[in-house]
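Shown below is the structure under consideration.
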Amino acid sequence: MNVTPSDDYTLQVAFDNGERGTLDMKPYLDFGVFQRLKDRNAFKRVRVSFDTVEWDSGIDLDPEFVYEKCRRGSAQ
């Protein structure tokens with residue numbers, strides 16, 4: 001998996017199976033620990049670790065959630 005943050009609080013995700021998708025994080029930024037990601041610099045410090053998406057602030061996402069919530073498109 002590979003993840004790239006965008007300025008509009010979306011994540012471009014490339015999965016190991018060749019699929020690609022966009023995960024819109026905006027709906028989650030007003031809740032709990034996700035509020036920390038409203039800081040664009042914090043949001044951009046995203047990475048893949050142990051097959052999931054995580055930020056250096058300690059926030060992480062369940063791999064199944066990432067896969068399910070991505071608007072998927074075919075690999076290019």
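A quick note: this is a predicted structure, and the numbers were derived from the prediction, not measured.
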Query raised in the report: Is a salt bridge present between Lys38 and Asp30, judged by a nitrogen-to-oxygen distance below 4.0 Å?
Result: yes
Query raised in the report: Phe15 and Gly21: which non-hydrogen atoms are nearest, and at how many Å?
Result: CE1-N, 4.4 Å
**Report entry** Heavy-atom closest contact (Gln12 atom, Ser6 atom, distance)
**Finding:** NE2-OG, 3.6 Å
Report summary line: Separation between CG (Leu23) and OH (Tyr28), nearest 0.5 Å, reads 6.5 Å
Report task. Kindly compute the distance separating CG (Leu37) from NZ (Lys26), expressed to the nearest 0.5 Å. Result -> 13.0 Å
Query raised in the report: Can you name the ring pair (Phe, Tyr, Trp, His ring centres under 6.0 Å) partners of Phe34, sequence neighbours left out?
Result: none
Report task. I would like to know whether Asp7 and Lys44 meet side chain to side chain contact (heavy atoms under 4.5 Å, CB included); could you show each step before the answer? Result -> CA-CA 8 Å; Asp7 288 337; Lys44 289 185 176 190; 2.6 Å; yes
Requested in this report: Nearest 0.5 Å please: distance from the CG atom of Asp8 over to the OG1 atom of Thr10.
Outcome: 3.5 Å
Requested in this report: List in chain and number order the residues that pass side-chain hydrogen bond (donor to acceptor under 3.5 Å, both in side chains) with Arg40, two or more places apart in sequence or in another chain; answer none if no residue qualifies.
Outcome: none
Query raised in the report: Can you tell if the side chain of Lys69 reaches within under 4.5 Å of the side chain of Asp24, non-hydrogen atoms only?
Result: no
Report summary line: Of all heavy-atom pairs linking Met1 and Asp51, the shortest is CE-O, 3.4 Å
Requested in this report: Could you tell me whether Asn17 atom CG has more than 12 heavy atoms of other residues or ligands within 6.0 Å of it?
Outcome: yes
Query - Gap between atom CG of Asn2 and atom CZ of Arg20 - 0.5 Å precision - result: 8.0 Å
Query raised in the report: Parallel, tilted or perpendicular: which fits the ring planes of Phe43 and Trp55, with parallel below 30° and perpendicular above 60°?
Result: tilted
